[in-house]
Amino acid sequence: MTLRIGNASGFYGDRFDAMREMLTGGELDVLTGDYLAELTMLILGRDRLKDPDAGYARTFLRQSEECLGLAHERGVRIVTNAGGLNPAGLADAVRRLADRLGIPVRVAHVAGDDLTAAHPGSLAAHAYLGGFGITQCLRAGADVVVTGRVTDAALVTGPAAAHFGWSETEYDRLAGAVVAGHVLECGAQATGGNYAFFRDGDARRPGFPLAELHEDGSCVITKHPGTGGFVDVGTVTAQLLYETAGARYAGPDVTARLDTVRLSQDGPDRVRIEGVRGEAPPPTLKVGLNRLGGFRNEVVFVLTGLDIEAKAALVREQLEPALGKVADVRWELARTDRPDAPTEETASALLRLVVRDPDQGAVGRVLSGAAVELALASYPGFHVLAPPGKGSPYGVFEDVYVPHGSVDHVAVLHDGRRIPVPPAHDTAVLDAVPQPSLPQPPEPGPTRRAPLGLVAGARSGDKGGNANVGVWARTDDAWRWLAHELTADRFRELIPESRELTVVRHVLPNLRALNFVVEGILGAGVAAQHRFDPQAKALGEWLRSRHLEIPEALL
């Protein structure tokens with residue numbers, strides 16, 4: 001017995017026609033849509049400040065208007081976290097839409113994640129719920145299940161538990177579904193999107209992934225025939241490493257052991273995942289807190305031709321009096337210029353100024369006035385990419401943890417009945433996993449200085465103020481070298497930003513992978529726009545571009 005679960009959204013703003021593509025492209029039992037991220041919750045929180053009836057992903061409603069009838073005709077159930085901060089509101093909106101279209105669907109939703117009232121000063125505070133609220137809705141006959149802040153993997157574990165009749169303590173099966181859900185959650189990232197070795201296939205318009213789940217928790221990751229992109233062990237490995245850390249991948253229903261995952265190619269565009277072991281979940285639930293941190297503004301000065309460093313120093317000195325009372329001032333000079341350049345753009349460097357302060361006035365007119373007034377009184381060739389504005393609010397994200405029992409997890413059925421979802425039956429404190437044995441190092445031989453990316457892939461992302469960089473080798477020989485060469489200290493050498501930060505290395509031999517967590521590199525999270533790449537999306541690609549001594553046998 002196989003359950004086919006597909007994904008049609010990896011974030012709020014993903015490809016609009018993916019829902020139709022997944023419903024028409026092949027056989028499917030359940031279609032999921034992941035619309036939420038840390039930044040999205042802040043955006044929805046600001047929407048709700050303007051309109052108390054807002055707070056959900058409106059894109060899903062527009063997609064449903066086009067595809068709800070199609071899903072009903074094909075018997076495909078829809079499970080989505082597009083409810084955001086207002087799952088009840090979105091569920092009601094879907095019911096009204098279905099009535100207007102004459103489609104007889106039963107719509108249920110999951111409640112209980114909203115803890116904002118218990119955290120004064122937060123714009124939105126939401127617990128990451130597990131999948132058993134979804135399970136209850138589906139077991140009661142729901143055709144559409146809308147949730148708020150559940151874990152991304154819950155969109156898969158919930159339907160799997162409902163379909164196979166799993167209990168809350170069947171941890172190995174649940175862990176297998178968590179791994180499948182983690183692979184699916186970011187959509188096309190499992191089918192060649194954002195992939196280090198994108199030239200291995202046609203990555204121009206990747207299709208969306210689906211999982212063929214089995215009763216024992218194993219699965220095959222694939223995609224509909226004829227859709228773009230490709231699925232191989234590398235694309236699945238990359239997504240498994242995305243926004244994870246060590247061997248224990250904790251969630252509200254189960255802790256999945258990523259060090260037990262076994263991957264194998266099961267045919268073209270088919271990767272089998274098996275062997276996943278699970279453990280009782282931790283005794284607490286993660287709660288994501290979003291609050292407004294103040295106001296920020298920025299201006300980018302264009303410096304062209306000669307004397308780039310001197311020009312940068314001049315404008316900094318000229319603006320210093322206007323910035324003296326600003327709480328946080330950051331300058332970054334990007335030397336994008338080239339000597340004897342054939343175009344003006346390639347002859348230019350970019351000097352970026354970012355300011356933050358609790359007072360909008362301190363980063364608004366004061367900055368914009370001072371910057372604009374330099375137009376005829378600064379370095380030769382003075383101009384900016386765009387004039388600074390009045391200053392915009394920025395957000396701060398942090399996570400806290402609460403006991404399972406402090407959250408009222410409830411499945412609200414299509415007929416209005418409310419079914420309480422009990423907290424985890426058993427829990428276990430997350431102890432550190434002993435470091436696994438490393439493979440034998442390669443035999444000494446000639447080396448050549450070359451980019452790391454010639455022998456290793458990487459994918460990086462954000463978790464609050466931390467970034468993770470997963471690095472994997474594609475061959476056993478490359479793994480033997482990588483495991484010994486790319487230590488935490490070597491990582492710090494290659495990524496200078498991390499030298500004063502804590503860098504933790506996790507070893508995952510089954511995946512031939514290393515996962516690095518860089519603590520604090522993103523400041524207060526993506527919404528704070530702490531660095532040039534605020535979500536660390538390209539940190540892994542920067543690492544791959546760095547040069548080190550690599551055995552010639554691997555090149």
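Values in this document were obtained by computation on a predicted structure and should not be read as measured data.
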Original post:
For Tyr128 and Thr151, what are the C-alpha separation, side-chain angles and deciding distance, and is it a side-chain contact (heavy atoms from CB on, under 4.5 Å)?
Top reply: CA-CA 5 Å; Tyr128 287 70; Thr151 64; 3.9 Å; yes
Original post:
Could Arg173 and Asp216 be called an ion pair, given the rule that one side-chain N must be under 4.0 Å from one carboxylate O?
Top reply: no
**OP:** Compare all side-chain heavy atoms of Val507 with those of Leu514 and state whether any distance is below 4.5 angstrom.
**Re:** yes
Original post:
Short question: side chain of Lys223, backbone of Thr227 - any donor-acceptor pair under 3.5 Å?
Top reply: yes
Subject >> Short side-chain to backbone donor-acceptor contact, Arg544 and Ala456, under 3.5 Å >> reply: yes
Original post:
Would you say the side-chain atoms of Thr2 pair up with the backbone N or O of His214, donor to acceptor, closer than 3.5 Å?
Top reply: no
**OP:** Side-chain contact test, heavy atoms from C-beta onward, threshold under 4.5 Å: evaluate it for Pro281 versus Tyr171 and give yes or no.
**Re:** yes
Original post:
With sequence neighbours left out, what residues match Gln189 under side chain to side chain donor-acceptor pair (under 3.5 Å)?
Top reply: Asn194, Gln239
**OP:** Using a strict cut-off of less than 4.0 Å between a Lys/Arg side-chain nitrogen and an Asp/Glu carboxylate oxygen, indicate whether Arg474 and Asp200 qualify as a salt bridge.
**Re:** yes
Original post:
Is any NZ, NE, NH1 or NH2 atom of the basic residue among Arg149 and Asp113 found under 4.0 Å from an Asp or Glu carboxylate oxygen of the other?
Top reply: no
Original post:
Heavy-atom distance under 4.5 Å between the side chains of Leu115 and Val407, does that happen here?
Top reply: yes
Original post:
Do Met41 and Leu85 have side-chain heavy atoms sitting under 4.5 Å apart?
Top reply: yes
Subject >> Main-chain N/O of Leu501 paired with Ser498 side-chain donor or acceptor, under 3.5 Å >> reply: no
Original post:
Taking atom CG of Leu452 and atom CG of Leu486, what is their separation to the nearest 0.5 Å?
Top reply: 6.0 Å
Original post:
Can we say Arg448 and Glu549 salt-bridge, meaning some charged N sits less than 4.0 Å from an Asp/Glu carboxylate O?
Top reply: no
Original post:
Is there side-chain contact between Trp166 and Glu215, with heavy atoms separated by less than 4.5 Å?
Top reply: yes
**OP:** Look at the aromatic rings of Tyr249 and His182 and report parallel, tilted or perpendicular, splitting at 30° and 60°.
**Re:** tilted
Subject >> Test item: Thr237 side-chain N/O and Val233 main-chain N/O as donor-acceptor pair under 3.5 Å >> reply: yes
Original post:
Does atom CZ of Arg449 have more than 12 heavy-atom neighbours, drawn from other residues, nucleotides or ligands, at distances under 6.0 Å?
Top reply: yes
Subject >> Lys/Arg-Asp/Glu bridge criterion (N-O < 4.0 Å) met for Arg492, Asp489 >> reply: yes
Original post:
Quick one: does Leu3's side chain get under 4.5 Å of Val30's, heavy atoms only?
Top reply: yes
**OP:** Taking atom NE2 of His425 as the centre, report whether more than 12 heavy atoms of other residues, nucleotides or ligands fall under 6.0 Å from it.
**Re:** no
Original post:
Which value, rounded to the nearest 0.5 Å, describes the distance between Arg77 atom CZ and His72 atom NE2?
Top reply: 12.5 Å
Original post:
In this structure, which one of Asp172, Thr260, Thr255, Asp259 forms a side-chain hydrogen bond (donor to acceptor under 3.5 Å, both in side chains) with Arg277?
Top reply: Asp172
**OP:** To the nearest 0.5 Å, tell me how far Phe60 CZ sits from Thr80 OG1.
**Re:** 5.0 Å
Subject >> Approximate separation, where rounding is to 0.5 Å, of Asp399 CG and Asn466 CG >> reply: 8.5 Å
Subject >> Expected output: side-chain Ser460 to main-chain Gly540 donor-acceptor under 3.5 Å >> reply: yes
Subject >> Atom of Leu28, atom of Ile5 and distance for their closest heavy-atom approach >> reply: CD1-C, 4.2 Å
Subject >> Heavy-atom closest contact (Gly278 atom, Val254 atom, distance) >> reply: CA-CG2, 4.0 Å
**OP:** Identify the heavy atoms of Arg248 and Arg257 that sit nearest to each other, and give their distance.
**Re:** NH2-NH1, 3.5 Å
**OP:** Verify, without hydrogens or angle tests, whether Arg4 (side chain) and Glu27 (backbone) share a donor-acceptor contact under 3.5 angstrom.
**Re:** yes
**OP:** Give the C-alpha distance, both sets of side-chain angles, the deciding distance and a yes or no for side-chain contact (heavy atoms from CB on, under 4.5 Å) between Leu482 and Val471.
**Re:** CA-CA 9 Å; Leu482 183 72; Val471 186; 4.1 Å; yes
**OP:** Determine whether the side chains of Asp34 and Asn7 contain a donor N or O and an acceptor N or O closer than 3.5 Å.
**Re:** no
**OP:** Applying ring-ring contact (aromatic ring centres under 6.0 Å, His included), name anything that partners Phe516, two or more places apart in sequence or on another chain.
**Re:** Phe491
Original post:
Is the number of heavy atoms from other residues, nucleotides or ligands under 6.0 Å of Phe532 CZ greater than 12?
Top reply: no
Original post:
Is a donor on one side and an acceptor on the other found under 3.5 Å between the side chain of Gln535 and the backbone of Lys537?
Top reply: no
Original post:
Below 4.0 angstrom, N of the basic side chain to O of the carboxylate: do Glu212 and Arg270 qualify?
Top reply: yes
Subject >> Over all atoms of both residues, closest heavy-atom pair of Gly83 and Leu90 >> reply: N-CD2, 3.6 Å
Original post:
Can you name the salt bridge (charged side-chain N to carboxylate O under 4.0 Å, His left out) partners of Arg139, sequence neighbours left out?
Top reply: none
**OP:** Report, as yes or no, whether the 6.0 Å neighbourhood of atom CZ on Arg20 holds more than 12 heavy atoms from other residues, nucleotides or ligands.
**Re:** yes
Subject >> Validation row: Ile134, Thr147 side chains within 4.5 angstrom (heavy atoms) >> reply: yes
Original post:
About how many Å separate CE of Met22 and CD1 of Ile78, when rounded to the nearest 0.5 Å?
Top reply: 12.0 Å
**OP:** Take Glu552 and Thr447 through the test side-chain contact (heavy atoms from CB on, under 4.5 Å) and record every step on the way to the result.
**Re:** CA-CA 5 Å; Glu552 289 187 353; Thr447 63; 5.5 Å; no
**OP:** Decide if atom CG of Asp408 counts as having more than 12 heavy atoms of other residues, nucleotides or ligands within a radius under 6.0 Å.
**Re:** no
Subject >> CA sep, side-chain torsions, deciding dist, call: Thr244, Asn515, side chain to side chain donor-acceptor pair (under 3.5 Å) >> reply: CA-CA 8 Å; Thr244 60; Asn515 213 348; 3.0 Å; yes
Original post:
Between the main-chain N or O of Gln440 and the side-chain N or O of Arg480, is there a donor-acceptor pair closer than 3.5 Å?
Top reply: yes
Subject >> Heavy-atom pair with the smallest gap, counting every atom of Ala82 and Tyr35 >> reply: CB-CD1, 3.6 Å
Original post:
Can you check whether Leu42 reaches Leu44 side chain to side chain, under 4.5 Å on heavy atoms?
Top reply: no
Original post:
Hey, is the main chain of Glu243 close enough, under 3.5 Å, to the side chain of Asn468 for a donor-acceptor pair?
Top reply: yes
Original post:
When you look at Phe230 and Thr191, which way does the side-chain contact (heavy atoms from CB on, under 4.5 Å) test go after all the steps?
Top reply: CA-CA 5 Å; Phe230 54 101; Thr191 57; over 6 Å; no
Subject >> Pair Arg205 + Glu21: basic N to acidic O under 4.0 Å >> reply: yes
Subject >> Interatomic spacing from CZ in Phe208 to CG in Asp14 - rounded to 0.5 Å >> reply: 4.0 Å
Original post:
Using 4.0 Å as the upper bound for N to carboxylate O, is an ion pair formed by Asp143 and Arg106?
Top reply: yes
Subject >> Minimum heavy-atom distance Ala256-Val178, with the two atoms named >> reply: CB-CG1, 4.1 Å
